[in-house]
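Input: a single structure, listed below in C-alpha cells.
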Number of protein chains: 2
Amino acid sequence: MDSAQIDGVRRFNRTVTERVGVLHDRYLGRDRPIGQARLLWEIGDSGQDVRRLRERLGLDSGYVSRLLRSLESDGLVTVEPGRRDRRIRAVTLTEAGRTELATLDRRSDELAGSLLVPLNDGQRARLVSAMAEVDRLLTAATVTLDDIDPESTDARDCLRSYFTEMEAVLPTGFDPERSLLPDAGELRPPRGLFLVARSHGEAVGCAGLKLPRDAPAEIKRMWVSPQARGLGLGRRLLTELELRAAGQGRTLLRLDTHHTLEAAVSLYRACGFREVPAFNDEGYADHWFEKRITATG
Amino acid sequence: MDSAQIDGVRRFNRTVTERVGVLHDRYLGRDRPIGQARLLWEIGDSGQDVRRLRERLGLDSGYVSRLLRSLESDGLVTVEPGRRDRRIRAVTLTEAGRTELATLDRRSDELAGSLLVPLNDGQRARLVSAMAEVDRLLTAATVTLDDIDPESTDARDCLRSYFTEMEAVLPTGFDPERSLLPDAGELRPPRGLFLVARSHGEAVGCAGLKLPRDAPAEIKRMWVSPQARGLGLGRRLLTELELRAAGQGRTLLRLDTHHTLEAAVSLYRACGFREVPAFNDEGYADHWFEKRITATG
DNA sequence: TCCATCCTCTGACTCTAGTCAGAGGGTTGG
DNA sequence: CCAACCCTCTGACTAGAGTCAGAGGATGGA
C-alpha cells in the first residue's frame with residue numbers, strides 16, 4: 001500500500017463526505033431530526049422490536065425510548081407489548097408512518113438522482129459502475145473473520161445454507177447423515193476451530209479447520225454466501241486457515257471437494273493446493289487436495 | 001437515467017456513509033469537537049482570514065468567532081487584526097496548532113489505510129482507481145454554472161488565466177490589446193452574458209456570449225481550468241450557451257478559435273459546429289465556426 | 001470630517017444527540 | 001410463589017452545533 005493510494009482514498013473521502021455524506025443526512029432528514037428518520041428506516045414497513053432497534057442502531061435504550069415517544073406523538077408509530085414476551089415491545093408504523101417512510105424513500109431517490117442529473121449519459125454509466133466497484137470493495141473490506149463456536153446461531157445459519165447449497169449443486173443431492181461430517185467438538189478448540197465471516201454483523205461465510213493429533217490439518221465446510229461472492233472472501237478464509245494451521249505447528253493442509261464446485265476447485269489450485277489421491281472415503285467428494293505449509297507455531 | 005442507476009447510487013451512498021462518513025467525523029475529531037477540527041483543517045499551515053473561513057465552511061460569524069476563541073484558549077491559534085484591513089482578522093496556527101493539525105493529518109492517513117488493509121493488492125488497485133473515477137465524476141457533477149458580471153472578481157480571475165494560457169499556447173503569444181476583445185458591456189445583459197463554472201465555490205471555467213442586435217450570437221472567452229479538464233465541462237458550457245442563445249430567439253451561433261487549441265476545435269466539431277470562412281478579422285484566430293440552433297424564446 | 005458600511009465579537013437562545021441512574025412492570029427458574 | 005433477572009421507560013443531565021440581534025471598532029467615499 002503506497003502513499004499515492006492513501007492520497008487517492010483521502011481525496012475520495014473528502015469529496016464523498018462533502019457531496020454525499022452531508023446531503024444524505026441533512027437532505028433526507030429535512031423536516032425531521034436524523035435520529036427519528038434513522039429509526040423510521042430501521043422500523044420499516046413490517047415493524048420491529050424495540051430491542052432490535054437499539055442493537056441495530058447502537059443507541060442507548062433511554063434515547064430510543066424517547067425517540068419512539070416523539071414519533072408516537074407525531075402519530076407515525078404505535079408501540080405495543082410483544083406477543084411472546086410482553087417486556088419486549090413491538091413498534092409498527094401507522095398509515096401516516098408508512099407515508100412518511102415513503103417520503104424519505106422518495107427523497108433518497110431524488111438525492112441519488114441529483115448526483116446524476118448534471119452528467120451526460122456516458123458519464124452516468126461510468127459513475128454508476130465505478131460506484132458499484134467501490135461499493136463491492138468497501139463491502140469486502142468490512143468483512144471480519146471471527147472465531148466462533150460451531151454450534152452458535154451464526155454457525156448454524158451458515159451450515160444450514162451450506163447444506164442447502166450442497167443439496168442443490170451435487171448431482172446426487174446431499175444428505176448430511178451420509179457424509180463424513182465432523183462433530184462440533186472437532187471444530188472447537190483445542191481439536192479445531194470454526195471461522196465465520198461477517199459483513200455488517202451478518203454472517204456471509206464460514207470455514208472449519210480440523211486439527212487432529214495424529215493426522216494432517218483438514219479444512220471442512222467452507223462456504224461463502226452467494227451475495228458475498230466475488231469479493232475474494234474464499235481466498236481470505238483459506239489464507240486465514242492456513243495461517244492458523246501453521247500457527248499450530250502443522251506442515252500439511254488437506255481438503256476434499258467435488259468437481260461440480262468449480263469455483264472452489266480453481267480457488268484451491270490458485271492457492272497452491274495440489275491434487276492428491278483420496279485420503280478419506282467421503283462419499284460426496286471426488287477430488288482431494290493438499291498443500292505443504294510452513295509451521296510457525 | 002433509469003431506476004437501476006438510482007438504486008446503484010443509493011446502495012453506494014449507504015455503504016459509503018456507513019463506512020467512510022461516520023468514521024471520518026468521529027475518528028478524525030476524536031478528542032476534539034468536529035467544528036474545531038474542521039476549522040483547524042481550513043486554517044492550514046499558512047493561516048487564513050476569519051472572513052474566508054466563514055465563507056468556506058458556510059458558518060455563522062458568531063459561531064466561527066466562538067470556535068476560534070476556544071482554539072485560542074487551547075493555545076492552538078492566534079488571531080490578529082489583518083495588515084491591509086484591520087477589520088478582517090487573520091488566524092495563524094501556533095506551534096501546538098501545527099502539531100495538532102499534523103495529528104489530524106496522520107489520522108486521516110490511518111483511516112484511509114484502514115479501508116485498504118483488508119484487501120489484497122489487486123483489489124486495492126481496483127478500489128483506488130474506482131474511487132478516483134467516482135471522485136472525478138462527482139466533482140464534475142458538483143460544478144455549477146452561474147451568470148456573473150464580467151468584471152466581478154471570479155470573472156477577472158478566469159480571464160487572467162485565460163490570457164495567460166493564450167500567451168503560452170498561441171505561436172505568436174497573446175496581447176489582449178491587439179485582439180478583438182468584447183468590452184464588459186457586451187457580455188452583460190441585455191447585450192450578452194457571462195457564465196462562470198464553479199466547483200466548491202472556486203471558479204474553474206468561464207464562457208461569454210455576445211448577443212448583438214444586428215448580428216448572430218457569438219461565443220467569446222471560453223476557458224476551462226486545467227485541473228477541471230476531462231469532466232465534460234467545456235461541452236456543458238457550450239450546451240448552456242446554446243440554450244441561452246436559443247432562449248433569446250437566436251438561430252445562429254458563431255465563434256472563432258485557433259488551430260493550436262486542438263481540444264477546443266474538436267469539441268466544437270463534436271457539438272455540431274461547422275467550419276465557415278472568417279466572419280471577423282480577429283488577428284489571433286485562424287478557424288471560424290458556426291452552428292444553426294432552434295430559437296425557443 | 002462624517003456617515004454608511006463592513007467585519008468581528010458577545011450574549012442569549014434553541015435543538016439535537018446522547019449518557020446515566022434508577023423506577024417499575026414482566027418473565028422464568030427453583 | 002418468590003427472587004433474580006430482563007426490558008423499557010422517565011428524569012435529570014451534558015455537550016455540541018448552530019442562529020439571531022445587536023454592540024462596537026475600522027474603513028472608505030462623499
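Chain A is the first sequence line, chain B the second, and so forth, proteins listed ahead of strands; every chain is numbered from 1.
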Expected output: side-chain [X] to main-chain [Y] donor-acceptor under 3.5 Å:
X        : Y        : answer
A/Asp74  : A/Leu76  : no
A/Ser65  : A/Ser61  : no
B/Asp49  : B/Arg52  : no
A/Arg221 : A/Gly208 : no
B/Arg98  : B/Asp45  : yes

Measure the distance from [atom1] on [X] to [atom2] on [N] and round it to the nearest whole Å.
X       : N      : atom1 : atom2 : answer
A/Leu67 : C/dT19 : CG    : P     : 12 Å
A/Arg51 : D/dC9  : CZ    : C1'   : 16 Å
A/Glu55 : D/dC6  : CD    : C1'   : 13 Å
A/Leu68 : C/dG18 : CG    : P     : 14 Å
A/Ile34 : C/dC15 : CD1   : C1'   : 12 Å
A/Glu80 : C/dG25 : CD    : P     : 20 Å
A/Arg32 : C/dT16 : CZ    : C1'   : 14 Å
A/Arg52 : D/dC7  : CZ    : P     : 13 Å

### Message
Assuming nearest nucleotide by heavy-atom distance, tell me which of B/Val79 and A/Gly58 is located more 5' along DNA chain C.
### Response
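Its nearest nucleotide being more 5', the pick is B/Val79.
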### Query
Quick one: on DNA chain C, does A/Asp60 or B/Arg69 contact a more 5' nucleotide (nearest heavy atom)?
B/Arg69
Minimum-distance nucleotide to [X] side chain [options: [options]]:
X       : options               : value
B/Tyr63 : D/dC9, D/dA17, D/dC7  : D/dA17
B/Val50 : C/dC9, D/dC7, D/dT19  : C/dC9
B/Arg54 : C/dC20, C/dT8, D/dT27 : C/dT8
B/Arg87 : C/dC9, C/dT19, C/dT5  : C/dT5
A/Pro33 : D/dT8, C/dC7, C/dA17  : C/dA17
B/Ser65 : D/dG18, C/dC9, C/dA17 : C/dC9
B/Arg66 : C/dG26, C/dC9, C/dA12 : C/dA12
B/Ser61 : D/dC9, C/dC20, C/dT8  : C/dT8

### Bend angle of the helix from C/dT1-D/dA30 to C/dG30-D/dC1, end axes from five pairs each (to 10°)
10°
### Message
For A/Thr144 and A/Arg198, which I'm curious about, is there any donor-acceptor pair between the side chains at under 3.5 Å?
### Response
no
### Query
So, B/Thr78 and B/Glu72: side-chain donor and acceptor under 3.5 Å apart, yes or no?
no
### Query
Checking all strands, does B/Gly62 fall into the base, sugar-phosphate, or nothing category for heavy-atom contacts under 4.0 angstrom?
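Counting heavy atoms under 4.0 Å across all strands, the contact made by B/Gly62 includes a base.
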### Query
Can a side chain N or O of A/Arg89 be found less than 4.0 Å away from OP1 or OP2 on D/dT8?
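No, A/Arg89 has no side-chain N/O under 4.0 Å of OP1/OP2 on D/dT8.
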### Distance test, side-chain N/O of A/Arg38 to OP1/OP2 of C/dT16, below 4.0 Å
no
### Query
Looking only at heavy atoms, what is the nearest atom pair of A/Leu53 and A/Gln48, with distance?
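Nearest heavy atoms, A/Leu53 then A/Gln48: CD2-CG, 3.7 Å.
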